[in-house]
Structures are given as structure tokens and as C-alpha cells.
Amino acid sequence: MALTESAPAEADQMSQDRLRSMYRDMVLGRLLDERILVLNRQGRAPFAISGQGHEAAQVGVGYALRRGHDWLVPYYRDLTLVLVMGMEPRDHLMAALGRAADPNSGARQMPGHYGSRAHNIVTTGSPVATQILHAVGVAQAFRYRHEDKVVVVSVGEGGTSEGDWHEGLNWAAIYHLPVIFLVENNSFAISVPQSRQMAVPHVADRAIGYGMPGVVVDGGDVMAVHEAATQAVARARRGEGPTLLEAVCVRLQSHSSDDDQRRYRTADDLAEMRRHDPVERFRIQLEASAVLADGDADEIRLECQRLIEAAQAEADKAPVPDSATALLHVYGEG
Amino acid sequence: MALTESAPAEADQMSQDRLRSMYRDMVLGRLLDERILVLNRQGRAPFAISGQGHEAAQVGVGYALRRGHDWLVPYYRDLTLVLVMGMEPRDHLMAALGRAADPNSGARQMPGHYGSRAHNIVTTGSPVATQILHAVGVAQAFRYRHEDKVVVVSVGEGGTSEGDWHEGLNWAAIYHLPVIFLVENNSFAISVPQSRQMAVPHVADRAIGYGMPGVVVDGGDVMAVHEAATQAVARARRGEGPTLLEAVCVRLQSHSSDDDQRRYRTADDLAEMRRHDPVERFRIQLEASAVLADGDADEIRLECQRLIEAAQAEADKAPVPDSATALLHVYGEG
Amino acid sequence: MAEVTYVEAIRSAMEEEMRRDDRVLLMGEDVGAKGGVFGATAGLFQEFGEERVIDSPLAEAAIVGVAIGCALAGLRPVAEIQFLDFIPPAMDQIISEAAKIRYRSNNDWNCPMVIRAPCGGGVHVHGALYHSQSLEALFAHVPGLKVVMPSTPRDAKGLLLAAIRDPDPVCFFEHKALYRSLREEVPEGEYVVPIGKGRVVREGRDLSCITYGATVHEAATAAERLASQGIQVEVIDLRSVRPLDRDLIVSSARKTGKVLVAHEANLALGVGAEVAAIVAEECFQQLDAPVMRLGGPEIPAIPFAESLAEVYCLGPDKIEAKLRELAAY
Amino acid sequence: MAEVTYVEAIRSAMEEEMRRDDRVLLMGEDVGAKGGVFGATAGLFQEFGEERVIDSPLAEAAIVGVAIGCALAGLRPVAEIQFLDFIPPAMDQIISEAAKIRYRSNNDWNCPMVIRAPCGGGVHVHGALYHSQSLEALFAHVPGLKVVMPSTPRDAKGLLLAAIRDPDPVCFFEHKALYRSLREEVPEGEYVVPIGKGRVVREGRDLSCITYGATVHEAATAAERLASQGIQVEVIDLRSVRPLDRDLIVSSARKTGKVLVAHEANLALGVGAEVAAIVAEECFQQLDAPVMRLGGPEIPAIPFAESLAEVYCLGPDKIEAKLRELAAY
Ligand SMILES: Cc1ncc(C[n+]2csc(CCOP(=O)(O)OP(=O)(O)O)c2C)c(N)n1
Ligand SMILES: Cc1ncc(C[n+]2csc(CCOP(=O)(O)OP(=O)(O)O)c2C)c(N)n1
Ligand SMILES: [Mg+2]
Ligand SMILES: [Mg+2]
């Protein structure tokens, strides 16, 4: 298990456009996430689950993939990551408002259950950790067809307690499959702290027991995540097998709109966590290195806001699913 | 993960009686196992599953426990271990022949499905690895009642691929429970070699990922196993938590009476393995150190043979279960 | 006697039993400091401490498997599965292990434990596909298990006390739409409702409507409406779906000669199939109409959008319509 | 056309389909060099190599979960579970995932895969509690799955080909007592038996005996015996228990007016309950006797000792006795 931190040189090597684009995607994810929470508080979106605090991890990983080529098996906090893969704010506002045009599920599932064949994003359900095995199977198919694709599958640290997690890592290691197991460790599973989830400091400590590299990275540091993910992806693409990548994140919001984390976390803990906002942190970094000039951040914010406004206007008007369709698509046509 | 070997001094510290008793139990297990295979070949026992090659590991562990105090959650190769815990050859011949007096299950289960409340041996079924969690629960109860008991649970290396294995080790580590996870690694799961079961050389390599000690020991060396087990038991009894103890064994017979290992193992591999018979090895060791005098081994053998003869005579005459009892004991009385 | 909600009745059953019997302990995800996602264990962590109210790792097979071990070692564990939809990972421990322990050991061992789980639709647009399922048929098929599905606060408390004291594994499935929507007087202290006994919610001579869980209330509403038009529906709350109260089913069916079985779970191979088969076999001479069934359509579960969910859900209207069809037969 | 056994029919279906379609691959415990514990994959490892015939780790959730991933990525996996008794660890992957993938993604994704498993009693004193179960009801309840249980070599081959080509997950449960006990002519090459269509094994006008799996042969024997006494039993082999061939069930029941449903699985909430409920509802006017059922008693599975096992198992005698009872009604 190696602990990586962003190499100071790395940012320089990236084109400024790309860095701005990364920042923009983080902002877009954040603002869309906030909008959905507002819709929930307004009573318009019955359920919302937030990814705030995970944006850097998701953008860092997403930018290490080849869009339209590599695959993603996400989990419910991956709003920003599925945007990076090519989904649109519109898609998620449709989902939040339960519109027929929700591309994830046609409003059959709760929001946050991502999936889009067009973007190589595998359909996901609610059971935690089942997706791990699907990703391994996807990678097995890549291997079988001699494709140079990789698949990223994400999960929370709580999800690593499930048997499916173990079975999946084990299988991928045996067959040297091109999977990156991304653990977005925000140190809570609803109310259960990491100390009640495992007796080790890092999920990545487990990698050695499967025979794969395990990397812990500061999930608030987008460049560090990106660097680690890029290495893991390269390794997978070379046919050298899977990597366990743990991004240490903060969960800025409660578990979901049904939860209130003030009931089981101390005020100090919450305040301390808020000082680690990854979006703010990246902005400061980019401004310091003059990748963002004065006013750039505001402009990006405004552009994202406009996108979201337009998307919501569209979603507001969009129809709910026709009742007659409820019975369709249990089975295929043949 | 530490690799332990029997300290040469250790044998000296044990009383000669105890060493002879250990040898005697190994021989008893071996001969009883052979007898059951003979009954199977004669068409009298419909099914047999052999523990030959695992005797040293089982006696080494069994002698580290306090009989009548500590608990065992065994698996189907543990014939010798359940004898050490207090069961009798008679019990298993009743099971082999499907007699009503089979204390494990009243001939409801196949032979090899051990269980005896009288001897603190938890009932076991066929699904591999489920027992891991039961042992953790038993240990949780010990802890809850502040008892100084420990529980040993055994499984093959193949069984460690199951999700229940992972969930159990994780739970035991979090709560520092008094469990010894004994893996009897004979390098095959029916026909599947260890290399298709995991990408690491030792199951014990996984211990670190759970935050518990992992120990690999030569399962053909009864004193080495005993030493490692004694340490693990002491640790557990002190309240310091679980240990993963891997005993590297040989599977001298095919997986079960339905299998023929010559179909998937080379003749060389089989021949090489036969040179590692743990019972023979211990005899030679004890004779070299004069714990067994000339003729002692033969006498022990004879005593065990007699026991088995008598037990079989009893089992031969014993009645099969009354059909009318088939519907009993699905539920308790109230 | 205090008026309490269904969830409070459940909470108080655990609290009282934990005070009475120190072999009782709880385990599950978020049952500790948070008190469970529906508050069913609220305050118990504070009262009984982390040794008796165990915030488990996120692992359902472990929750049940560890509870089995506790039961084998003499405790009386109550395991909570956060939503019934998340019980399948524990299926092996429940149906291969807990259910078979007494039988396979020829009565040498037994496994007294309760597995609690919220089921059914009814909170935020029904919770959608994975927070709304009624999977009781999967357990009601399995010898060795008991399966209880209370419909009222009184029953919830009395049946949970019975379940904790039962010497065998009991699946206790709580309908989440009832948690806070009902309030009634529930006896304090000792109050046990026997498992396997149904209840006549309302007597009637014309038709029988046999049901359980939240559907009991929808059936009662439908029966009420029909009563005003002179059709007397006997509403039966099974309370337990394993074992079934065969006597009550048969006697009601023989009396009315017309039976509707209704439940929220998927229809095919559901509890309704078994009830219908029993009635068809045992009441052939007395039936004046075919046994009819109402249940979830052939889709996986309740979808998220309300417009889709309503296709799945029963509700008093659909039950009333079916009862009318039966009455007119 | 060659005369082949049931297990050889299954083996050859996989072999032919793997030659025809390189998207087909196999995974399971011991399916490789050993060729499966019953020989169902014998020789395939040698012919197709370890990339297509994968000896999985000992992990059933993984076998099914990885197969799901393969299916999502465009392959046609056939997953083997060594005994149906060991399928419960994979239940979550089957009923929460495979079964719901098409519906939950609104038809964006689908999951074409087969889960093969040997079921039932019948080898060495029935294999006892954990090598003899018939768990089909647990899957037949679940929308999104198909469940096939062939009773002959011809059907085994034709249905397995249909299952592999099906665009959705199919549970394919093979009765192990049939593997080597039957031999019949089976067409080589293309030969598909449609899923969801039953088969009239023997026509008859007096009684219907509706069944599937190994029980078909016991029912046929019983019918044979009754025929010699002038009682004509129509024996129906359902072949698929999800979807059920409703038309065939209803038309036979309407014709004979007397129906026995028989299966090896536990009776309560079994497939027989659903068939009985359908008949009771749809054939009320035509029934001359109550729908009767025969199935496993209320014990977990088939015990080891023959004296106990016979209490569980049906066999032609018990079926004959029940058919006589029905005939005499
Ligand atoms: C199998 C299963 N069990 C329980 C749940 C309920 N549940 C949903 S999210 C969650 C906590 C997950 O925590 P973690 O894996 O750390 O991810 P995070 O939410 O913190 O990102 C739980 C218990 C579920 N969805 N699936
Ligand atoms: C859940 C489950 N899957 C499959 C089986 C069939 N099975 C019985 S033993 C065995 C191999 C076990 O190998 P290992 O754990 O290495 O133990 P060993 O037999 O080598 O001692 C298998 C696959 C089973 N009993 N339970
Ligand atoms: Mg978390
Ligand atoms: Mg082994």
C-alpha cells in the first residue's frame, strides 16, 4: 500500500484547458447536487442523495479514463463522475423529478441509480457492493475479447464489508483483470463510523491479501487522485491486473435526504470536515497557479448555473411516465 | 504473517503421556477414516469424505483447547479433531451406516456433518464457509457473558473465497473476538488448485488486511501446529482478538467417495504428496526421541483397531431411524 | 394503556424484553447511535450500551450468521435487516442454516432468533424498486422458519414478544407504511400474541377477504364501503404467513363460500397462491364462486414515479372492485 | 439421431452452442479439468480452453455476479452452480440484480445468461439435506426470471439451447436422478424447445396430473397403472415453471375436471400452489373435484437414511393412491 500525493510538477504537465475543464466538471457536479437538494427541500424531489465532498475523487478518476471506450460501474454518490463520462445535468433533473425522460431508469428507480448504455455506464440498483462483481464480469469480457478497455467500479468504505466485495477482488486478482476498484472512503456508512466497519486504518490495506496493489490517496486532492488513477488505468490496460484505489473523502451532506448527520456526528467533526471542501481547494490551487484568472471561477460557475437552469426548465415541463408503460420491459421481445 | 516451525525444545516440554496421546488420536482418526472408506467401497456406507493428511493439523489444534470448555465449529474433514473434542469412533460409524444413534444428526445428514452439543461441537451443514459466521457469533456470546472461552472454526482454503469468510474475519477483528480461524489448506478445492482460488501464496497473507495476526504453519508437523495454536488460543483468551492460522496439509484421498483425484492431478504430484503422511512423520519423530519405544506404535495401532472393531460391531447391529420420526424436530415444542 | 404507533410498539417490545431477559441483544446496520433508519431501536443503544445494541458492519450475511452463532451459544438475538430488499445476501444463512439447524441436528441444537426487516411500499413515493419489496413468499416456503407480518401496533408488540421467546428462527416483517400512520392502545408489559393464529378483523357472512400486513387496512376500508351497500365482507388478518392459520382460513371460506385473497407481494407463487390452494382443496363443496386473488403484477417491485407505482399498488378501490366482482358471481 | 442420456444432452447443447456462438462461455466450480461433478461439462475445457471454460473460485455470488457482468458486456455466459442447494449465496445476484436489470434500466440493459444447477434427490440415498433440494419456487416467484426444469434428454437439450439464446436470465434446473437414468433419441444440431410451453406426456380424459422434472416419470408410471384399470390420466409436463403454460393447464383441467398437481419440492407455497390457484380460479365451473396437491412434507429436505427419505419422496405409489382418491371423488 503506497500513499501518493499530487506531484507538484503534475499540474504543469497538463494543459491549462484540461485543468479548467476538470475544475468546471467539479463545479457542475457540485451545483447540480445542490440544486437537487433544493428540489428535495421544496418537496418536489422525493429523494436525494448527495455526492458533495467526493467531487475531486470522481473527477480525478474520470479524467484518467477514455470516454466512450472505458466503462464505469458507479454507485449512488457518483453524480460528478457520471457527468464526466458524458451524462448531462438534464438527465439527473429528469430523474430527480421522476420524469419519463430519465435515461437511467425512466423514473422506475430512485434518483442516484445511474446507468446509461450510451455512455458505458452500467445500470445500478440499490444493494450495496453487488456492482463489484458486475465490473469484474465486464472486465472478464474485455479480456476474453482481447480489448484494451478498463472498467472502474466504485463503492463506499462501508460496502467493502460485504461478501461480494471480497469475492470480486479475489476473482479479478486471480485473472489479472483490468478493473480499478475505487473506494470513496468518507469514513461513514450512514451513521456507522469506519472503526465499526473494519479494524484497519485503510481499506487499501487489504489489497496485499488479494495480490494486487493498494493505493491510498487524498480524495480532496484532484491531481493526486488523477495521478494514482492514471497509473492504475495504465497498469490495467497493459494487462497487469487490477488496482485497489482508496480515495479518502468527506461526506459534506447527510447520508441522504432521509438522514440527519447531526444526530450522530459531533459539531466539531462536522465543522472540521467542512474545511476540506475539494471544490474550493482546487479553485484556490488553480488561482494560485494562474490557471484560473481573476473572474474565471465566477464565469465557470455562471455557465454551469445556466446549464442547470435550462435543464431544469426542460425537466419541469417534461411528462411523468405513462401508467400504461409500468408493465413493460420485464422481459425482452425474444 | 509469520511462518512458524516446531521448536525442537517444545516436544521435550510436553509430558511423554501427552505426546503419546496425541499420536494415539492421530492413529485413531486415521484408522477410523480408513474403515469408513472401506465401508463405502463395500457399498455399505453410501458416502465418505476423508480427512487423511489433515490429522497433524487437527490434533495440534485440538490439544490447544480446553475440552468441555472451549468450542469447535468444524468442517467435514475434521474427523480427528472431533475425536479429540470427545466424540467416539462409534458415533461416526453410526453416521456412516445411517443409524438412528448417529449423534451428529440421527442419520438425517450425510456422514461428515459433525455436531454435538455435549462436546461443544456446533452443528454443521454442507454449505461451505457459513460456519465462519456462526463461530464469530459464538465468540460474540462469550464476550457478552465475559467468559474466557475460545472457539475454533475450520475451513478449507477453497472456502476462503466465499463472502461469508470475509464478513466473519472482519467482524471478529472489529470486536476483538476470541476466535481461531483455522484454514486446513490442502491446495485443492475438489479439483480446483489454490492458484485458481487466490492470487497469493498463503491464505494467511490476508490477515493483515483484517487487522489480525496471520500464521502459516506446516500442517504435517503436529508440534508446530500445536505451538501456533497454543499461542493463538492464549491470545484469544486474553481478550486480544482473533488469529488466522493456516495449516498447510495434504489431501491424501480424493475429495470424497464421489471423486477420483487421478483425473485432475498428476501421478507425480500424488506420489510426492504421499511422502508427506503426517501420521508416519510423527511416529518416526516420536520413535527417534524415544517417546515411543519399540512396539509401542504397533500396540497403539492395535488398541485403536480394537476400539473401531467394537464400535463397528455395535453400529452393525444398531437400528436405522424409524420412518415415523422423519417429520419430527422441524420446530421445537414451545 | 398508552396509545402508541406501530414503530413505537416494536421498539417497546424490544426494550421491555431486553430489560426482562439479558440474553436478548440486537444487531444490525445503524441500530446503535442512530436508532435505526426508521427509529425502531431509538434509545436502546443509550439504555443498553454497545455490547447489547451492536452497530454491525455493512454485511447482511454476517448480521444473520453472527446472530445464529449467538443463538447457538444461548443468547436470544434480534437481527435487523435495514430493508427487506437487502435480505437476499443473508438468504443462505437464513434458509440453509437457521431454518435447518434443529432438523439437521436431530433436535440437538436449536436457533432462537428474530430477523426483523421493514417491507412494503409507502414512504416517499414507495421507495422504488429496492425499498419497497414484499419478499415474504421466499421465506414462507421454507420449513423451519416462521414468518410474521403484523398489521397493527397491538399485534406488532405481542407478536414481537412471541417471536423473541420462540425457540426457533422467526422472520418478522414490518410494513413501513404502518410505522407512523397508525396509533392504538397497546398493553404495557407482558402481552404475547401467538404466532400462527389469524384474527377476524371484521365479521361478515357474504364474502371472505383474507389478507395480512398493510393490506388489512385497505381491505377493511373496502369492506366498510360494501357494508353500507349490504354486502358483508369478513376480513381476515393472517398475521403469520408461516405457519398459516389453516383453521381460520377454512372456517371463514366455508362460511361465506366466496373468497378473495389479497396481498401487496407479487401474485405468482405468493402467499395468496397457498391460501387459494388450501381453500380450493378443503372447501370445494362450500364454494359458491372461484377463489380469487389480488396481488402485485408481474413486475419486479414498486416503481419510483407515482404514475407507475399506482399500477403496482392495491389500495381500497381495486380491492372493492374485486370484492364486487366476487359478490356478483 | 443418437440415443443419449440427459446429462449428455445438456453437455452437447453447450458444446454445439459454443461452436456456433463465440459469445458463449462457461463458469463454475470444477467445470474445467474435472468436467463438473456430474460430468455436464466433460471435455469442454479441453476443446475450448480455460478462457471459455472457467474454473471459478468457490464463490457462488461471484459465479453469478461475474456472469451478469459478462452478459452486460455482450457475452452469453452459462454459469453452473454445483448443487442447487448451494445457490442461496447467489440469491442476491439472481433476484436483486439479474432479474431486475432490464426493468430497472427501462430496457436500456438486459442480462442474457443461464444459471444451471442440478436439483432433487436420487443419488446415493438422495444426497441428504444439502444435496437434494428442489428450490425452484424461490425463483418462480420472481418477475424477470425464467425457470426451466426439463424431464427428458430431448427437452434438456432443446430447452438449454433456448435458454442460452434467450435475451433474459434463465434458471435451468436439472434433476440429478435423471442424468444417467434416461436415454432417448435427441436431434443433433439446431433443436430449440420454447420456454414456457408445457407438453402432454400422455393424453387422458378422466384426470389431469400436472407435474414437471423427475416426477413426470413417476406420474407416467402411475398413469400407466391406472390405464390398465380403465382410468385415463392426462399427464402434463410443465417443462417451465416460470412462465407457466397457463393455457395448457387450464385446457387440461377443463377437459378432465379433476386435477392433481405433484412435485418433489416442498408443498407449501410451491409451484403446485400456483397451479392449483390458477385452476381453482379459471376452471371453477368445470371442476368435478377439489384440486389436489402432492409435494414434499413440511421438513427441510430429503434426509440421508433411506427409512427417512422415503417419507419425503413421492414415487409412483403415492401418486397412484392420490389419483385414485381423486378418481373416486
Ligand atoms: C445490501 C445493502 N444493505 C444495506 C443498504 C442500505 N444502505 C444504503 S447506503 C448504506 C451505507 C453505505 O456506506 P458506504 O459504503 O460507506 O458508502 P457512502 O454512503 O458512505 O458513500 C447502507 C447501509 C443497501 N443499500 N444495500
Ligand atoms: C456453498 C457451497 N458451494 C459448493 C459446495 C460443494 N463443495 C463441497 S466441498 C468443496 C470444495 C472445498 O474445498 P476446500 O474449501 O479447499 O476444502 P477441502 O475439501 O479441500 O478440505 C465444494 C466446492 C458446497 N458444499 N457449498
Ligand atoms: Mg462511506
Ligand atoms: Mg482444500
Side-chain angles (χ1 to χ4, degrees), chain B residues 40 45-47 95 97-100 102 105-111 113 125-130 155-166 188-193 195-199 255-261 263-265 319-331, chain D residues 27-39 41-42 45 50 54-63 65 81-83 85-90 92-93 123-133 176 266 296-313:
Chain B
N40 173 262
F47 178 80
L97 297 175
R99 305 310 191 195
D102 160 25
S105 80
R108 289 167 170 211
Q109 293 207 79
M110 301 201 302
H113 289 64
S126 305
V128 161
T130 48
V155 69
E157 86 291 348
T160 70
S161 298
E162 291 279 6
D164 282 10
W165 157 266
H166 169 68
F188 279 87
I190 309 186
S191 72
V192 180
S195 63
R196 282 283 174 252
Q197 208 66 247
M198 66 195 78
H255 171 74
S256 76
S257 53
D258 294 330
D259 180 43
D260 179 358
Q261 62 180 339
R263 289 185 44 203
Y264 52 82
R265 293 179 76 168
V320 300
D322 182 347
S323 293
T325 65
L327 303 179
L328 299 179
H329 311 315
V330 179
Y331 299 100
Chain D
M27 51 196 71
E29 294 155 12
D30 303 288
V31 299
K34 184 174 162 80
V37 295
F38 291 102
T41 56
F45 180 79
E50 60 176 15
I54 300 171
D55 260 335
S56 74
L58 210 178
E60 289 74 16
I63 294 169
I81 300 295
Q82 199 160 77
F83 287 83
D85 312 72
F86 305 133
I87 209 169
D92 193 37
Q93 288 289 346
V123 238
H124 25 76
V125 195
H126 301 289
L129 300 185
Y130 292 102
H131 295 78
S132 72
Q133 289 172 76
K176 64 178 91 70
N266 290 109
E298 288 285 279
I299 64 177
I302 308 182
F304 178 66
E306 194 54 48
S307 57
L308 302 173
E310 68 191 23
V311 174
Y312 189 99
C313 297

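No hydrogens, no waters, no symmetry mates; every other heavy atom, side chains included, goes into these values. Letters A, B, ... are given to chains in the order of the sequence lines, protein chains preceding strands, and every chain is numbered from 1.
- Contact of E60(D) with chain B is made through backbone and side chain together, with heavy-atom distances under 4.5 Å.
- Side-chain N or O atoms of R108(B) include none that pairs as donor or acceptor with a backbone N or O of P303(D) at under 3.5 Å.
- Highest contact tally toward chain D, considering only P193(B), P111(B), G159(B), is held by P111(B) [criterion: heavy-atom pairs under 4.5 Å].
- Between atom CZ of residue R196(B) and atom CG of residue L58(D) there is a gap of 15.0 Å, rounded to the nearest 0.5 Å.
- A distance of 12.0 Å separates NE2 of H329(B) from CD1 of I299(D), quoted to the nearest 0.5 Å.
- Ranked by non-hydrogen atom pairs under 4.5 Å with chain D, the options S105(B), A324(B), P127(B) are led by P127(B).
- No side-chain heavy atom of S126(B) sits less than 4.5 Å from a side-chain heavy atom of D85(D).
- Residues V192(B) and S56(D) share a closest heavy-atom pair of CG1-O, 4.2 Å.
- Heavy atoms closer than 4.5 Å to chain D are found in the backbone of A95(B), but not in its side chain.
- Here NE2 of H113(B) is found 10.0 Å from CZ of F304(D). Values are rounded to the nearest 0.5 Å.
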D258(B)/V37(D) under side chain to side chain contact (heavy atoms under 4.5 Å, CB included): CA gap, chis, key distance, verdict: CA-CA 8 Å; D258(B) 294 330; V37(D) 295; over 6 Å; no
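- Annotation: side chain of E298(D) is not in contact with side chain of V330(B) (no heavy-atom distance under 4.5 Å).
- Contacts of F86(D) classified as ring-ring contact (aromatic ring centres under 6.0 Å, His included), with partners at least two apart in sequence or in another chain: F83(D), H131(D).
- No other option in G156(B), S323(B), G98(B) has as many heavy-atom pairs under 4.5 Å with chain D as S323(B).
- You'll find the side chain of D322(B) stays beyond 4.5 Å of the side chain of S307(D), heavy atoms only.
- Here the closest non-hydrogen pair linking K34(D) and S191(B) is CB-OG, 3.4 Å.
- L308(D) and G106(B) make their closest contact through CD1-O, 4.0 Å (heavy atoms, listed as atom of the first residue, atom of the second, distance).
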